[in-house]
Structures are given as C-alpha cells and as structure tokens.
Amino acid sequence: MSNAVAYYRASTQRQHRSGLGIEAQRTAVTRFGEAEGITISGEFVEAETGKGSDALDRRPQLAAALAAARSAKCSVLVSKLDRLSRDVAFVSGLMAQRVPFIVAELGRDADPFMLHLYAALAEKERRLISERTKAALTAKKASGAKLGNPSNIAAAGVCGRQIQIATADQFASGLLPIIEAIRRTGATTLEAITRALNERGIRPARGTRWYASSVANLLSRANKLAEAL
C-alpha cells in the first residue's frame, strides 16, 4: 500500500457550500485509491478559481497539500486534471514543485509529460471552442439573426456540429506525434497501437479506454487532415 494526499476543488463558493462537485471528486478518488492500493492520508478542500498567474497564491489548500505530500514523500491525488487547473502554464508550474501528481481519470501511469500534453490539448480545445463560438455568434448577429430566438435552433445545431468536428480534428492532430512514436517501436497494427495507448495511460476524448475501432477512426481523421493540407 502507498499513501497519497487528496486534493479537491470547487470553482465557486456556491459549489463549495452545496457540496456539488466535491463529493463526486471524493468518490472518484476513493474508488481509485481502493483499486490501486493507495491509502488517502489526508484531504485538502478548496473553493477557488484556477485562473490567473497568481492562482497558487490564492489557493492555500493546494499549497498545504503540496507541503503535506512533500513532507510525507507521497503524491497528491486528484480526480481530474482540471481540478488542479485548466491552464497549461499553471500545471507546468506545479510539476516544477517536485511533488508527484496522480490524476485518477488518467491513470496511475500518466507521467509529467502526459499531464503536460493533456493540459495543452485541453487548453487548446477550450480556446478553439471559444473562438469559434464567438465567431459564429458574431456572424449570426451581423446577418440579422436574433440570438436566442427559437427559430435559430437549426443554425445553432449546425454551428455546434462544426465546433465538435473542429475539436475532434484538433485532438487527432495532437495525438499524431504519440502515434508515430508508438509505431517506431514496432507497434504497427491497430491492436498493437491500441494496447500501447492504453498501457501508456493515454485516454481518448470520450471514455476511458481505446479500442481498435476508435484508433481506426482517429487514424482516418488524421489522414484526412493531412490530405487537406
């Protein structure tokens, strides 16, 4: 059995008071600890946003969790990567603290490189969605459409699908370097690539495990993107 310090974060005081989000995180962490043989030696709960360059200064419970883990020479365990932050620079700063992090959603084997990669992909995905949503709303407004009007539901659906496609394209592009690295090890079949992705703790955009069919879809999307360039 190994030990870990659990850290939970709700983004708002309202969520913190109601318990929304915190209990779900605690359940996920507890189940993960039981499955992986990890004893939770302490808990730190915070209600604070993860934004801003001074986010760590405004999150004393995270600082306390880091100190406790450093003293006990154990890891900090969170349910999801975004409970640390949605900002890749902030996540990079945490990695520099020399305290190991375990993200239950990503698996115990997700190393700092993978955490950086997932943070970068998540940040890029959020920025892409935000930019495309703003552009679509601006275009609709310029064309005279009344935003929020039920008559725009069909157009909003088209816009939403376009955003989903763009997000999936971005995810596929981000994973290509990893796929190529796996192929260079001699894993060239769909089954071998699938096994390698799962063993490395790399999660698909949806779900928790890769399957040959989902890898095939990923490679097909990546090939179409390459042909379009």
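Owing to the predicted nature of the structure, the values given are computational and were not obtained by experimental measurement.
Among Leu218, Thr188, Val215, the single residue meeting the side chain to side chain contact (heavy atoms under 4.5 Å, CB included) criterion with Ile193 is Val215.
Residues Leu94 and Leu66 meet the side-chain proximity criterion, which asks for heavy atoms closer than 4.5 Å. Put simply, the side chain of Ser214 does not reach to within 4.5 Å of the side chain of Arg209, judged on heavy atoms. Asn3 places none of its side-chain heavy atoms less than 4.5 Å from the side chain of Ile40. Between Val5 and Leu77 there is no side-chain heavy-atom pair separated by less than 4.5 Å. Side-chain contact between Val76 and Pro100 is absent, with no heavy atoms from C-beta onward closer than 4.5 Å.
Remark: side-chain polar atoms of Ser71 are not paired, donor with acceptor, to backbone N or O of Ala67 under 3.5 angstrom. Looking only at distances, a side-chain donor or acceptor of Arg83 sits under 3.5 Å from a matching main-chain atom of Arg9.
A salt bridge links Arg183 to Glu180: one of the charged nitrogens lies within less than 4.0 Å of a carboxylate oxygen.
The salt bridge (Lys or Arg N to Asp or Glu O under 4.0 Å) search around Glu105 returns none, not counting sequence neighbours.
Considering CG of Leu106 and CZ of Phe32, their distance stands at 9.0 Å, rounded to 0.5 Å. Distance check, rounded to the nearest 0.5 Å: CG of Leu190 to CH2 of Trp210 gives 11.5 Å.
For Tyr8 and Glu43, the side-chain atoms include at least one donor-acceptor pair closer than 3.5 Å. A donor-acceptor pair shorter than 3.5 Å can be found between the side chains of Tyr7 and Glu46. Side chains of Arg108 and Ser2: a donor-acceptor N/O pair is present below 3.5 angstrom, by distance only.
The two atoms that bring Ala69 and Val99 nearest to each other are CB-CG1, 3.7 Å, heavy atoms only.
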